[in-house]
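Numbering of residues begins at 1 and proceeds along the displayed sequence. These numbers come from the heavy atoms of this one structure, side chains and all, not from hydrogens, waters or symmetry mates.
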Amino acid sequence: RFYLEKGAKLGQVKARHKLGYLAAEGSTEAEADWELAFRHWKISARAAYQPSLVEIAEGYKRGMLSKEEYTEVLRASQKTKSESWSKDRETA
């Protein structure tokens, strides 16, 4: 957990995503910290990390996230994708 937290602080989206899973783990549904899990997944989803986008979509379908939260994350993800895409890549 220590190294995942360190990696997440350094911007590693995979580490952030895995921290979401650790927060969602629990022997019972009541022990899972869904709020923390979705916070981690939102951050990595905004960085266009596909597995986190899947978790965000599931959370929305189950009513754990509002429509506003869901659309905000999708827009941020799309913006990240468009910013990372360059015209030079298209011609290559």
Side-chain angles (χ1 to χ4, degrees):
R1 186 176 189 105
F2 170 79
Y3 290 106
L4 288 175
E5 288 173 354
K6 192 169 182 145
K9 287 178 184 175
L10 293 172
Q12 301 260 335
V13 292
K14 229 179 198 179
R16 179 71 69 176
H17 178 77
K18 288 181 181 181
L19 283 173
Y21 272 116
L22 289 177
E25 273 186 353
S27 57
T28 65
E29 187 73 19
E31 289 180 9
D33 189 348
W34 290 105
E35 186 178 329
L36 180 59
F38 281 111
R39 241 184 299 156
H40 285 300
W41 289 329
K42 282 187 218 176
I43 292 168
S44 55
R46 284 184 187 110
Y49 188 60
Q50 188 62 36
S52 291
L53 287 167
V54 170
E55 294 301 330
I56 293 297
E58 277 299 312
Y60 174 66
K61 288 177 192 173
R62 294 180 180 186
M64 299 171 110
L65 294 173
S66 69
K67 185 175 184 176
E68 292 80 24
E69 289 174 303
Y70 181 60
T71 55
E72 187 273 326
V73 170
L74 290 179
R75 285 185 183 135
S77 173
Q78 197 61 33
K79 183 178 177 187
T80 300
K81 284 181 184 178
S82 66
E83 287 174 352
S84 68
W85 196 255
S86 70
K87 290 181 181 181
D88 294 335
R89 281 189 191 175
E90 288 180 24
T91 57

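- Take Arg39 and apply the side-chain contact (heavy atoms from CB on, under 4.5 Å) test, not counting sequence neighbours, and it matches Glu35, Leu36.
- Of the inter-residue distances, the one linking Met64 atom CE with Phe38 atom CZ reads 5.0 Å to the nearest 0.5 angstrom.
- Gln78 meets the side-chain hydrogen bond (donor to acceptor under 3.5 Å, both in side chains) test with no other residue; sequence neighbours excluded.
- For the residue pair Ala37 and Ala23, the shortest heavy atom distance occurs at N-CB, 3.7 Å.
- The other residues sharing a hydrophobic cluster with Phe2 are Tyr3, where clustering joins ILVMFWY side chains under 4.5 Å apart.
- The salt bridge (charged side-chain N to carboxylate O under 4.0 Å, His left out) contacts involving residues 8-23 comprise nothing, where partners must be two or more places apart or lie in separate chains.
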Taking only distance into account, with no hydrogens and no angle test, what donor-acceptor pairs under 3.5 Å do side-chain atoms of residues 44-60 form with protein atoms, sequence neighbours excluded?
from: Ser44; atom 1: OG; to: His40; atom 2: O; distance (Å): 3.3
from: Ser44; atom 1: OG; to: Trp41; atom 2: O; distance (Å): 3.3
from: Ser44; atom 1: OG; to: Ser52; atom 2: OG; distance (Å): 2.4
from: Arg46; atom 1: NE; to: Glu72; atom 2: OE1; distance (Å): 3.4
from: Arg46; atom 1: NE; to: Glu72; atom 2: OE2; distance (Å): 3.3
from: Arg46; atom 1: NH2; to: Glu72; atom 2: OE1; distance (Å): 2.9
from: Ser52; atom 1: OG; to: His17; atom 2: ND1; distance (Å): 2.6
from: Glu55; atom 1: OE2; to: Tyr21; atom 2: OH; distance (Å): 2.6

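- No continuous path of hydrophobic side-chain contacts links Val13 to Ile43 [ILVMFWY only; heavy atoms under 4.5 Å].
- Listed for the Thr80 side chain is a donor-acceptor partner under 3.5 Å among the backbone atoms of Ala76.
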